[in-house]
Colleague: 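I have a structure here, written as structure tokens, and I will follow up with some questions on it.
A quick note: this is a predicted structure, and the numbers were derived from the prediction, not measured. In the text below, chain A, chain B and the rest are named by the order of the sequence lines, each starting its count at 1.
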Number of protein chains: 2
Amino acid sequence: MELRHLLYFQAVAEELNYRKAASRLFISQPGLSRQIKSLEDELGVQLLERDQTGVELTPTGVFFKGEVDFLLNHIESTKNQLKAIASGKVGELRIGFLGSASNRVLPELLKKLNDNYPLISTSLEELSNSIQVEMIQKDKLDLGFVRLASVPEDLEMRPVFRDSFSLVVPENHPVQLADFHSVSQFQDESFILFSSDYSNYYYDQIMGICRDAGFIPNIRHKSVHALTIFRLVENGLGVAIVPTSLKEGYDLKVRFMEIPGIPQFTELSVIWKPKNRNPTLSRVISLV
Amino acid sequence: MELRHLLYFQAVAEELNYRKAASRLFISQPGLSRQIKSLEDELGVQLLERDQTGVELTPTGVFFKGEVDFLLNHIESTKNQLKAIASGKVGELRIGFLGSASNRVLPELLKKLNDNYPLISTSLEELSNSIQVEMIQKDKLDLGFVRLASVPEDLEMRPVFRDSFSLVVPENHPVQLADFHSVSQFQDESFILFSSDYSNYYYDQIMGICRDAGFIPNIRHKSVHALTIFRLVENGLGVAIVPTSLKEGYDLKVRFMEIPGIPQFTELSVIWKPKNRNPTLSRVISLV
DNA sequence: TTAATTGATAACTTATAAGCATCAATGGAA
DNA sequence: TTCCATTGATGCTTATAAGTTATCAATTAA
């Protein structure tokens with residue numbers, strides 16, 4: 001067994017089609033067929049179910065795919081760390097974050113990081129909650145900033161920032177901050193939300209706020225990006241409920257009004273995998 | 001880079017001598033020299049410091065050795081797990097069941113499963129007959145516990161538990177067990193049933209029992225959950241006819257009275273798809 | 001000084017991955 | 001139904017690169 005086999009298997013498992021996988025790997029289909037077959041022979045198990053219709057993963061194959069993803073990611077990360085170590089940097093840290101984490105917590109962390117370990121380099125990526133969890137589990141990411149109620153067993157989670165919710169309205173909206181006492185004042189408006197596949201937890205909370213105020217919001221638009229949501233609000237397409245800290249950093253014709261007297265809040269948490277072998281990680285954990 | 005390179009590097013890093021490492025790997029020394037060199041070239045770092053005296057690891061090499069050990073061990077353990085999974089010794093079994101199966105059959109099966117195959121994990125979901133059939137056909141479920149007269153061709157079915165029917169009445173109902181001889185004594189009461197979309201078969205049987213007793217029941221409430229039905233009975237909203245085995249496990253102010261002299265019974269069956277490729281399944285089938 | 005180490009290099013051999021042409025089986029469209 | 005496009009598998013050939021042998025220069029110990 002060679003890494004080649006793992007890489008090939010990964011491609012086939014993702015494409016579920018030998019020809020497509022082969023062209024993605026820039027090799028011929030027969031060559032790929034034979035390599036996969038020899039992999040199965042060596043492992044002594046069947047990984048893929050194939051007929052003239054297509055390809056499917058066996059349950060064993062599903063397990064193996066997970067391990068292969070992990071291994072290949074780990075190797076990739078090791079390669080990068082190697083270069084960092086050899087060039088005198090201490091290491092590399094791959095950080096994932098929700099768009100709504102970029103305003104407050106992340107800049108602070110990066111500053112602290114730079115002060116304490118000036119030689120640690122970072123790569124930042126804006127990703128959804130679920131993708132971050134998955135990538136951290138597979139060693140494709142070292143640290144994640146998410147809004148989640150819980151994470152899988154093999155991950156650790158620490159809350160880092162608690163935020164209230166604000167209603168976002170167009171600048172010229174008739175309801176002024178002084179008159180604003182309940183979300184129910186907006187029950188006839190359209191609502192713009194973060195997509196629920198971006199964060200179910202967030203989605204449920206917004207629904208909870210409206211339910212507590214005695215109405216079910218009329219959701220007209222959903223988006224994964226804060227900026228998009230604000231643009232829609234700006235153009236009068238509805239109002240939005242977002243974490244208050246998003247107030248800073250955007251220069252738009254919208255007004256933030258913190259929602260008074262509600263129990264809901266949103267909590268940004270750091271997550272990581274204690275088993276992650278990146279030596280840089282353990283040092284950074286102590287900073288957050 | 002291939003696994004070979006990692007294995008070769010590991011040997012050299014441990015022997016700190018190319019010739020010894022080469023003979024341990026059953027290859028020639030020049031071949032090993034070149035493979036290590038090409039590994040260093042590809043990674044772009046120097047892993048080993050060598051002169052005519054011998055070999056030493058660079059700091060980068062020390063780090064890499066740790067990662068290589070980890071990776072190769074992980075691969076070895078993955079290979080072993082693969083075989084265990086393919087043979088069904090470890091694995092996951094997704095089980096669906098009707099609420100009314102939870103009292104008797106299911107706990108027994110889970111105990112047996114745990115005794116015989118402690119490494120098989122299970123996920124349990126309470127689902128209706130029709131949903132179970134559908135999910136099993138789609139390989140979304142491995143095993144189902146249903147009450148059905150028949151299942152589609154591609155599924156197998158085996159009866160596992162035969163149960164009589166009992167009438168459920170409020171604790172203080174005037175009719176006592178000793179006076180109870182026919183359902184017709186209750187023809188003027190309201191009846192509470194399991195929803196027919198939950199199980200048509202069950203629904204038809206209840207109707208059959210009443211028809212045989214010479215009346216058509218006045219059905220006032222329907223529910224998918226046994227507990228809900230019992231709560232309604234408890235509060236005097238009607239009487240219910242349910243499988244007798246539901247008697248256990250609920251602490252409510254209701255009385256069960258087995259219906260005497262009727263031919264109807266209800267049979268809980270396991271269903272599964274013979275074509276399902278989960279290796280765990282075949283092992284478990286033999287247990288039920 | 002000599003003999004026995006060390007790893008590196010050049011030239012050659014061989015194993016095998018990859019490529020091309022082609023096949024049989026399947027499924028959808030006409 | 002028939003036809004055509006698509007699926008993965010197979011036989012044979014080619015090319016890449018791993019591995020071999022022979023040999024080298026440099027170092028160390030006797």
Colleague: What pairs with Arg4(B) under salt bridge (Lys or Arg N to Asp or Glu O under 4.0 Å), at least two apart in sequence or on another chain?
Modeller: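 Glu2(A).
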
Colleague: Mind calculating the distance between CD (Glu2(B)) and C1' (dT16(D)) to the nearest angstrom?
Modeller: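 After rounding, the reported distance stands at 13 Å.
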
Colleague: Strictly under 4.0 angstrom, non-hydrogen atoms only: write out the protein contact profile of nucleotides 21-30 of chain D, one letter per nucleotide from the 5' end, B, S or -.
Modeller: BB---BSS--

Colleague: Who pairs with Thr266(B) by side-chain contact (heavy atoms from CB on, under 4.5 Å), at least two apart in sequence or on another chain?
Modeller: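 Result, side-chain contact (heavy atoms from CB on, under 4.5 Å) vs Thr266(B): Arg147(B), Asp163(B), Phe165(B), Gln205(B), Pro243(B).
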
Colleague: Suppose we screen for ring pair (Phe, Tyr, Trp, His ring centres under 6.0 Å). Which residues come up paired with His5(B), at least two apart in sequence or across chains?
Modeller: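 Ring pair (Phe, Tyr, Trp, His ring centres under 6.0 Å) check on His5(B) returns nothing, list empty.
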
Colleague: Whole angstroms only, please: what is the CG-P distance between Leu25(B) and dG7(C)?
Modeller: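 These atoms are roughly 13 Å apart.
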
Colleague: Between dG8(D) atom P and Leu47(A) atom CG, what is the distance in whole Å?
Modeller: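 Computing the Leu47(A):CG to dG8(D):P distance gives 16 Å.
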
Colleague: Using the salt bridge (Lys or Arg N to Asp or Glu O under 4.0 Å) criterion, which residues pair with Asp69(B)? Sequence neighbours excluded.
Modeller: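 Salt bridge (Lys or Arg N to Asp or Glu O under 4.0 Å) list for Asp69(B), sorted by chain: Lys65(B).
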
Colleague: Write out all pairs satisfying salt bridge (charged side-chain N to carboxylate O under 4.0 Å, His left out) with one or both partners inside residues 278-288 of chain B, taking only residues at least two apart or from two chains.
Modeller: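 Applying salt bridge (charged side-chain N to carboxylate O under 4.0 Å, His left out) to every pair that reaches into residues 278-288 of chain B, excluding sequence neighbours, yields nothing.
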
Colleague: Please list residues of residues 32-46 of chain B whose heavy atoms come under 4.0 Å from any atom in DNA chain D, ordered by number; otherwise none.
Modeller: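 Only Arg34(B), Gln35(B) qualify.
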
Colleague: Residues in side chain to side chain donor-acceptor pair (under 3.5 Å) with Arg231(A), at least two apart?
Modeller: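 With neighbours one apart ignored, the set is Glu234(A).
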
Colleague: Pick out which of Asn276(A), Leu72(A), Leu71(A), Ile75(A) makes a side chain to side chain contact (heavy atoms under 4.5 Å, CB included) with Asp139(A).
Modeller: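 The side chain to side chain contact (heavy atoms under 4.5 Å, CB included) with Asp139(A) is passed solely by Asn276(A) among Asn276(A), Leu72(A), Leu71(A), Ile75(A).
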
Colleague: Between Glu49(A) (CD) and dA25(C) (P), how many Å, whole number?
Modeller: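 Between P of dA25(C) and CD of Glu49(A): 18 Å.
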
Colleague: Does anything in residues 81-91 of chain B form a salt bridge (charged side-chain N to carboxylate O under 4.0 Å, His left out)? List the pairs, not counting sequence neighbours.
Modeller: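 Sorted pair list comes back empty.
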
Colleague: For Gln81(A), give me all partners under side chain to side chain donor-acceptor pair (under 3.5 Å), at least two apart in sequence or on another chain.
Modeller: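 With neighbours one apart ignored, the set is Ser77(A).
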
Colleague: Report the relative orientation of the aromatic rings in Phe70(A) and His74(B); use parallel for angles under 30°, tilted for 30 to 60°, perpendicular for over 60°.
Modeller: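 Rings of Phe70(A) and His74(B): tilted, 30 to 60°.
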
Colleague: Does Phe9(A) have any ring pair (Phe, Tyr, Trp, His ring centres under 6.0 Å) partners at least two apart in sequence or in another chain, and if so, which?
Modeller: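 Phe9(A): ring pair (Phe, Tyr, Trp, His ring centres under 6.0 Å) contacts with Phe64(A).
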
Colleague: May I have the distance from Lys20(A) (atom NZ) to dA5(D) (atom C1'), rounded to whole angstrom?
Modeller: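 The distance from NZ of Lys20(A) to C1' of dA5(D) comes to 14 Å, rounded to the nearest Å.
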
Colleague: Which residues within residues 3-17 of chain A lie with some heavy atom under 4.0 Å of an atom in DNA chain D?
Modeller: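 The answer is Asn17(A).
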
Colleague: How long is the line joining CD1 of Ile27(A) and P of dG8(D), in whole Å?
Modeller: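 Roughly 13 Å, once rounded to whole Å.
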
Colleague: Rounded to the nearest Å, what distance is computed from the CG atom of residue Asp51(A) to the C1' atom of nucleotide dA25(C)?
Modeller: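 Rounded to the whole Å, the gap is 9 Å.
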
